[in-house]
Protein chains: 2
Amino acid sequence: MKTMHKEHPLTKNQQIIFDLIDKSPEPMKAYSILFNVQKKGIKAPLQVYRALDKLVEIGKIHKIESRNAFIACHNSSCQVANATAFSICEVCEKVTEISSVGLSKYLANFKDKDGMKYSKYNLEFFGLCKKCR
Amino acid sequence: MKTMHKEHPLTKNQQIIFDLIDKSPEPMKAYSILFNVQKKGIKAPLQVYRALDKLVEIGKIHKIESRNAFIACHNSSCQVANATAFSICEVCEKVTEISSVGLSKYLANFKDKDGMKYSKYNLEFFGLCKKCR
DNA sequence: TTACATGGTGTTATATTATAACAATTTAAA
DNA sequence: TTTAAATTGTTATAATATAACACCATGTAA
Ligand SMILES: [Zn+2]
Ligand SMILES: [Zn+2]
Ligand SMILES: [Zn+2]
Ligand SMILES: [Zn+2]
């Protein structure tokens, strides 16, 4: 059996920024995050980007690539930091993380023409959410 | 029966920029495109971005969101401008457009928890290409 | 023809997103 | 305790993208 990963606690900056993103009902952009944490002593873009990089790396948040924005993981602290799927409403910009066993199995097992398999992927679906339909 | 869409020819700027991207063996970034077309009279970022926007819209090129780069469509002038899939090598950055009937059918028919279907999506697989393995 | 709408162009300026480089400090192993 | 690794703070700058406005070309309707 594989050794369990130790749960590294977040550092101060990482915790501040994670809390903010986690509370947000929508994906947050880096400079909006910066604006919101300046009262807590985080003053420079780099401090934000460094925390974001780390949080993405450990799977606590994900980056919505098409929007340059960050959202907290809602798959119980994602086992699949590197295998993400989202739905994005093109009208109200609501973003939802998709957790479908079927989908993740299909994609994890997908082989391209060369027989190549990919454990890491990012999928973004676009459409209209319930409200906007 | 609906009127057939006329194939609007590309404008001068669009053609110049499409030709450049189409000839490139790798995805091109906007400012690299700009640099390469300045001798042809395209001098400002906006001229590039406007052409890129249009080319993306009509499906002649796709944007690789995780790389902020643009690649010509290789699915015979993509019927699926809005349903794209790519594999990306994390070492050499080689990008390949995936054209798999199985994959596109699966994704086009995928329903989320709310029964929502999405005709539009972008999927980026990450791994190592043949050479880099 | 003339008016008008649409889409493309050229231009300057500016906004937004992200990283380089360096010094200091904290943390966790060895 | 010594050392290595990670994190922080800071200033400056790079890279990506859009706003605003004037002008021009083309197609369509009055
Ligand atoms: Zn997740
Ligand atoms: Zn919506
Ligand atoms: Zn294509
Ligand atoms: Zn490679």
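No hydrogens, no waters, no symmetry mates; every other heavy atom, side chains included, goes into these values. Everything numeric here is computed off the predicted structure, so don't read it as measured data. Letters A, B, ... are given to chains in the order of the sequence lines, protein chains preceding strands, and every chain is numbered from 1.
- Of the side-chain N and O atoms in A:K29, one or more sit less than 4.0 angstrom from OP1 or OP2 of C:dT17.
- The 5' end of DNA chain C is approached more closely, in terms of each residue's nearest nucleotide, by A:S32 than by the other of A:S32 and A:L46.
- Atom P of nucleotide C:dT17 and atom CE of A:M28 are separated by 12 Å, given to the nearest angstrom.
- Counting to the nearest Å, the P atom of C:dT17 and the CZ atom of A:R67 are 13 Å from each other.
- In this structure, A:N13 reaches the D:dG9 phosphate: one of its side-chain N or O atoms is under 4.0 Å from OP1 or OP2.
- A straight line from CD of B:E65 to P of D:dT16 spans 13 Å, rounded to a whole angstrom.
- Contact annotation: the side chain of B:F70 never approaches that of B:L55 to less than 4.5 Å [non-hydrogen atoms, C-beta and beyond].
- Atom C1' of nucleotide D:dT10 and atom OH of A:Y49 are separated by 17 Å, given to the nearest angstrom.
- Rounded to an integer number of Å, the gap from B:I33 CD1 to D:dA15 P is 15 Å.
- Side-chain contact of B:N122 with B:E124: a donor-acceptor pair under 3.5 Å is present, judged by distance alone.
- Distance A:L34 CG to D:dG9 P: 13 Å, rounded to the nearest Å.
- A donor N or O paired with an acceptor N or O is not found under 3.5 Å between the base of D:dA14 and the side-chain atoms of B:Y31.
- A donor atom on one side chain and an acceptor atom on the other are not found under 3.5 Å apart for B:S66 and A:E65.
- Minimum atom distance to the side chain of B:Q14 is reached by C:dG8, of the listed D:dT18, C:dA18, C:dG8.
- Between B:L10 atom CG and D:dT26 atom C1' there is a gap of 17 Å when expressed in whole angstrom units.
- Judged by distance alone, with hydrogens and angles left aside, the side-chain atoms of B:Q15 form no donor-acceptor pair with the main-chain N or O of B:K12 at under 3.5 Å.
- In this model, the phosphate group of D:dT8 is approached by a side-chain N or O of A:T11 to a distance below 4.0 Å at OP1 or OP2.
- Residue A:D53 contributes atom CG, which lies 13 Å from atom C1' of C:dT17 at whole-angstrom precision.
- Nearest to the side-chain atoms of A:R50 among the listed nucleotides D:dT8, D:dT11, D:dA17 stands D:dT8.
- Regarding contacts with the backbone of D:dT7, a side-chain N or O of A:K54 is found under 4.0 angstrom from either OP1 or OP2.
- For C:dA18, one of the phosphate oxygens OP1 or OP2 lies less than 4.0 angstrom from a side-chain nitrogen or oxygen of A:N68.
- Nucleic acid contact class of A:Q47 (heavy atoms, under 4.0 Å, all strands): base.
- Side-chain polar atoms of A:D112 and B:S87 form no donor-acceptor pair below 3.5 angstrom.
- Between B:K12 and D:dC24 there is no side-chain polar atom (N or O) within less than 4.0 angstrom of OP1 or OP2.
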